[in-house]
Amino acid sequence: MREPKALARADEFGAERIRIELASLDAFVRAHYPRLIRLAGLITRDADQSQDAVQAALERAWRNRGAVRDPASLRPWLDRIVAREAIRQTSGKRLSARLRRDSQDWIQYPSTMPEPAEVVVLREALGRLSPDHRAVIALHLHEGYSVEETARVLAVPFDTVRSRLRAARARLRRELAEEKDQ
Amino acid sequence: MTRPMQPSTDERLDRLIRELLTERADDVAAGALSAEAMVERVATRRRPAGFARGWVLLAAAAMLTALLIGGALAVGGAIHLPSLLLPAPLPSPAPDSHSAAPEPSPAPDSESVHRWPDTSENPPGVYSWNGSPCGMSCNSGFMHNGYGSGALEIRIDVVPDGTIAGDGATAVTIAGHDGTYRRIDTQDEEWIVEIEGATIAIRLTTRIGTSQAEVDEAHAIIASMRTEAQDNDLGFRLIFTLTTDDWDSG
C-alpha cells in the first residue's frame with residue numbers, strides 16, 4: 001500500500017529539518033569548541049573533565065539558543081557555564097586518581113628546550129592553584145576579560161575576583177621568591 | 001618559547017603567566033577530542049565514562065554521525081529527532097513582573113518535590129525550602145541563575161519580628177498567606193509573610209544587565225510558592241517551581 005502523498009511530504013520535511021539542524025549544530029560547535037576546550041583545560045587540568053564541561057555548556061547553549069537575543073552575550077554565557085562546570089568537576093571529592101596523575105602532567109609539562117628556573121617554578125605554582133583561582137587567572141589573563149567582566153562571567157562579586165587575583169599573584173610571587181632564595 | 005625573566009611587577013608577572021597559559025591551552029587543545037567528535041557527543045548527549053582518545057573511537061563517532069544523517073534521510077524522518085535537535089524549550093510565560101500578588105498554582109505531588117537546589121545544575125521541577133541547612137551540596141535559602149546570566153538572586157530567610165521596615169509596603173498574598181511587598185531600591189524587592197508564627201523574608205536582587213524575561217522568571221518562581229505542613233522546626237516547608245535549569249545555590 002502506498003503511503004499518502006501528504007505523509008510522504010511530511011517525512012521529507014522532517015528529514016530535511018534534521019539535516020539542517022545537524023549542519024547548524026556542526027557550525028555552532030566548531031565556532032566555539034576550540035576556545036572553550038582551552039579554557040576548560042586551564043581550569044580542570046584534565047582532558048576528560050574539560051571535554052565533559054564543554055559538552056555540558058554546548059548542549060545547554062544549543063538547547064536555549066532561541067533565548068539569546070544579543071550575540072555579544074553568547075561568549076560570556078558559554079564561558080560562564082564552562083568555567084562553573086570545570087570548577088565543579090575539579091573540586092572536592094571529584095578529584096580522582098586520574099586527575100591527580102594529570103595534575104602532575106600539568107605541573108611537569110614537558111618542554112623541548114631548557115627553561116629558566118623561574119619559568120619552571122611558575123608553571124608548577126600555577127598547577128597548584130585552586131580551581132577557583134585558576135578560573136579567575138584563566139578568564140582574566142588568558143581570555144582577556146577585565147576584572148569586572150570576569151566577575152560577571154563567574155557570577156561572583158567584583159571584590160571576590162579582585163581578591164582572588166591578588167591572592168594568586170601573591171602566591172606565585174612568593175614561590176618565585178622562595179626559589180630565588182634557594 | 002617562553003622568555004627568561006624575573007617578574008618584579010604585576011605586569012611582567014602577568015605577561016609570563018599569559019605565555020605559560022597559552023602554551024598549556026594549546027597543549028590541551030591538541031590532545032582533546034576533535035570538533036567532529038564533540039558535535040556527535042552534543043547531538044546525542046552522550047557522556048562516555050572514562051573516555052579514551054584514539055582513532056577507533058573517533059572513527060566510530062564519525063560513522064555514527066554519518067549513519068544518523070544518512071539514516072534520517074533514507075527513512076524520510078521515520079526516526080525520532082535527537083533530543084537536542086528539537087526546538088529549544090523556552091520558559092513559560094511569567095506573570096506581570098511588577099505583580100506583587102501571585103496566583104497560587106496546583107499543589108505538587110509530594111514525592112516529586114526536591115529539596116533546595118544544589119550548588120550544581122538543577123533540572124526544572126518542584127523544589128522546597130524548610131529553613132534548615134543542607135550540608136555541602138547546597139546553600140539553603142540562597143539561589144541564583146548561575147547557569148543563566150547570574151545576575152539574579154533569590155534569598156529566603158527567617159527574620160525576627162519587628163526587624164522589617166514597613167515603609168512603602170503593600171498588602172499581597174504570598175505562598176497562600178497574607179503578606180507585604182515592597183521595592184527597596186532599583187535592585188531589590190522584598191516580600192514578607194508570616195507563616196506558622198515565623199516571619200519569612202523573600203528577597204529578589206536584580207543586578208544591572210538582567211533581562212526582563214529573567215526578572216519575569218524570578219517573579220514566577222516566587223509566585224509559585226506555597227506551603228506544605230512538615231514535621232520540622234518551622235512546621236512547614238515552602239514549595240516552588242523552577243521552570244528552567246538555570247538556577248543553583250552555588
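Sequence lines set the chain letters: A, B, ... in the order given, protein chains first and strands last, and positions in each chain run from 1.
Both the backbone and the side chain of I137(A) come within contact range of chain B, with heavy atoms under 4.5 Å apart. Within the 4.5 angstrom heavy-atom criterion, no atom of N145(B) approaches chain A. Proximity to chain B (any heavy atom under 4.5 Å) is restricted, for R152(A), to the backbone atoms N, CA, C and O.
For the atom pair OG of S120(B) and CD of E85(A), the computed distance is 7.5 Å after rounding to the nearest 0.5 Å. Atom CD of residue E23(B) and atom CZ of residue R123(A) lie 5.0 Å apart, to the nearest 0.5 angstrom. The structure places CG of L22(A) at 10.5 Å from CD of E40(B), a figure rounded to the nearest 0.5 Å. The CD1 atom of I37(A) sits 5.5 Å away from atom CE of M38(B), with the distance rounded to the nearest 0.5 Å. Interatomic distance, L16(B) CG to L122(A) CG, rounded to the nearest 0.5 Å: 4.5 Å. Atom OG1 of residue T119(B) and atom CZ of residue R88(A) lie 7.5 Å apart, to the nearest 0.5 angstrom.
Proximity of a side-chain donor or acceptor of R80(A) to a complementary backbone N or O of G148(B) within less than 3.5 Å is detected. Checked by atom type and distance alone, the side chain of R18(B) never pairs as donor or acceptor with a backbone atom of H142(A) at under 3.5 Å. Judged by distance alone, with hydrogens and angles left aside, the side-chain atoms of W62(A) form no donor-acceptor pair with the main-chain N or O of A43(B) at under 3.5 Å. At distances below 3.5 Å, not a single donor-acceptor pair connects side-chain atoms of Q51(A) with backbone N or O atoms of A32(B).
By the 6.0 Å contact criterion, CD on E148(A) is open, its count of non-hydrogen atoms from other residues, nucleotides or ligands being 12 or less.
Counting all heavy atoms, side chain and backbone alike, Y147(B) lies closest to W77(A) at O-NE1, 3.1 Å. Considering all non-hydrogen atoms of both residues, R38(A) and A25(B) come closest at CG-O, 3.4 Å. Here the closest non-hydrogen pair linking Y33(A) and L33(B) is OH-O, 2.7 Å. Shortest non-hydrogen contact noted between R45(A) and R24(B) is O-NH2, 4.0 Å. Closest approach of R30(A) and A35(B) over heavy atoms only: CG-CB, 4.0 Å.
Annotation: side chain of I17(B) is in contact with side chain of L126(A) (closest heavy-atom distance under 4.5 Å). Counting heavy atoms from C-beta outward, V119(A) and E19(B) have side chains that stay 4.5 Å or more apart. No side-chain heavy atom of F28(A) sits under 4.5 Å from any side-chain heavy atom of V42(B).
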Verdict with reasoning, L176(A) to L13(B), per side-chain contact (heavy atoms from CB on, under 4.5 Å): CA-CA 10 Å; L176(A) 284 169; L13(B) 178 64; 3.9 Å; yes
Trace of the salt bridge (Lys or Arg N to Asp or Glu O under 4.0 Å) decision for R41(B) with D52(A): CA-CA 10 Å; R41(B) 279 180 62 167; D52(A) 287 349; 2.7 Å; yes
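Note on residues 116-128 of chain B: pairs passing salt bridge (Lys or Arg N to Asp or Glu O under 4.0 Å), not counting sequence neighbours, are R60(A)-E121(B), R115(B)-D118(B).
Close approach to chain B, defined as a heavy atom under 4.5 Å from one of its heavy atoms, is seen in R169(A) of residues 158-170 of chain A, taken by number.
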